[in-house]
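Note that ligands are numbered from 1 as they come in the structure, with each ligand's atoms numbered from 1 the same way. Everything numeric in this text was worked out from a predicted model, so none of it was measured.
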Amino acid sequence: MNQAEFINDSKLLSGILNDYSNIIILCDQNTEISCLPLLNLNPVIPLISIPPGENNKSTFSLNLIWNKLLLANADRNTTLINIGGGVITDIGGLAAATYNRGINFINIPTTLMGMVDAANGGKTGINFNGLKNYIGTFSEPEAIYILPKFLKTLSVSQIQSGFAEMLKHGLIADKQYFKQLTSMDLEFSNFEIIHFTELIKKSVALKDNIVSKDFKEIGKRKLLNFGHTIGHALESHFINSNLPHGHFVSAGMICETFLSHTIGKLDLAESQEIIFSIDNIFNRIPFSANEIDEIAHLTLKDKKNKDQIVKCVFLDKTGEASFDNDITIKDVVESLSFYNS
Ligand code: GLY
C-alpha cells in the first residue's frame, strides 16, 4: 500500500509535478483559486476544474471529467493529479480508475479531511440517487503528497470536519491519541501547522495500519466506519446542505457511542465522557422529531449491511472497537432521539 509522503516546501511539490511529462490536474473552483497558486505549476499542464461541494460528487461531474480527459487526449500513460478535498480525491480517483479501464492517479489533499482520511486508503466514489459514496472502487493512488501548508486555506468548519475523523481514529484504535486531541486548544482559528502535522501523521499511521491489513474492507477496515452508519444517513438526508462531512460524522459518533453503551459493552461513564468531548467541539445538527424516521430508514442502504440487517461499529472501550454489530431501525431512532434531546 502506498503511504502518504509529507512535504513541507511547496516548491518541492511543484518540482515533483512539473517533472511529469503526461499529467492532467483535477481540482475544484475553490482549490483553483486558493491552493493552485501556492504550487506555481507549469501553465501548459491541462486543468480540469469542477464546481465545489458534496452535491457535485455526482454522475454529472464524473461524466464531465471523462469528457475532459478525452478532449485532452488522455491515454493509459496519463496520470490524473487530484488536488482538492475529499470530493475531488474521491471523484478523481473514480474517474481515473474507470477511464480507459484505469489510468494512474495521485492524490494531493488540500483539506484536513482529505489529509487524514479521504486521500488515503484507495476508496474512490460518487454519491448516487441521494446515497453517499454508493458507486465507487477500491483503487490505490500512485502516490499521496500531503502539504500541510494548505491547512491555512481552510475555514474553521473545514478544520473541524477533518478533526472528526482524527477523533474517530483515537476512539477506535488509540485512547492516548483521543485524550491528546480532546485536551488541545480547540478554537481551530490559530493553530500551529507544525503541531498539527504531527497529529495528521499519527492519524494517517493509524488508518494505514488498519487498511494495510484489509484493503477491500472484508473485516477490520469496517472499524473506520465508526460514526458513519448514522452519519451517512444524516448526510444523505441533508445531501444539499453545505455542512462538511465530518460534522455528520460527529453526529454519527454521538449516536453510535450512545448505542455502544445501550446495546453494546461500553461503560456509561465512558460513553458520557466521549459524548461530552464531541459536544465540546461540534454543534449538534438540528432536525425535527418528524425527520427521525426517514433518517433512520436511510441506514437500510448502508454499504456494510448484510441481508437487510444494519451492521454498526461499536466502541467497546475508548480506543477499542468492534464491527458487524446488528442494530435495528428502532435502535437508530432511539439514538437519533437521544441526539436530538
Ligand atoms: N473512510 C473510511 C475508509 O477509508 O475506510
task = Number the atoms of ligand 1 from 1 as they appear, then name those within less than 4.0 Å of a heavy atom of Lys207, with their elements.
result =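 Once the distances to Lys207 are compared, the set is 1 (N), 3 (C), 4 (O).
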Ring-plane angle category for [X] and [Y], please: parallel below 30°, perpendicular beyond 60°, tilted otherwise.
| X | Y | value |
| --- | --- | --- |
| His245 | His228 | tilted |
| Phe196 | Phe163 | tilted |
| Phe338 | Phe258 | parallel |

Closest approach of any protein heavy atom to atom 5 (O) of ligand 1, naming residue and atom =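 The closest one turns out to be Arg221 NE, 2.8 Å.
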request  = Would you kindly specify which portion of Asp117 sits under 4.0 Å from ligand 1, judged on non-hydrogen atoms: side chain, backbone, both or neither?
outcome  =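 For Asp117, the contact with ligand 1 is made by the side chain alone.
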inquiry  = Here's a test for you: under side-chain hydrogen bond (donor to acceptor under 3.5 Å, both in side chains), which of Asp324, Asp214, Thr229 qualifies with Lys222?
reply    =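 Of the listed residues Asp324, Asp214, Thr229, the side-chain hydrogen bond (donor to acceptor under 3.5 Å, both in side chains) partner of Lys222 is Asp324.
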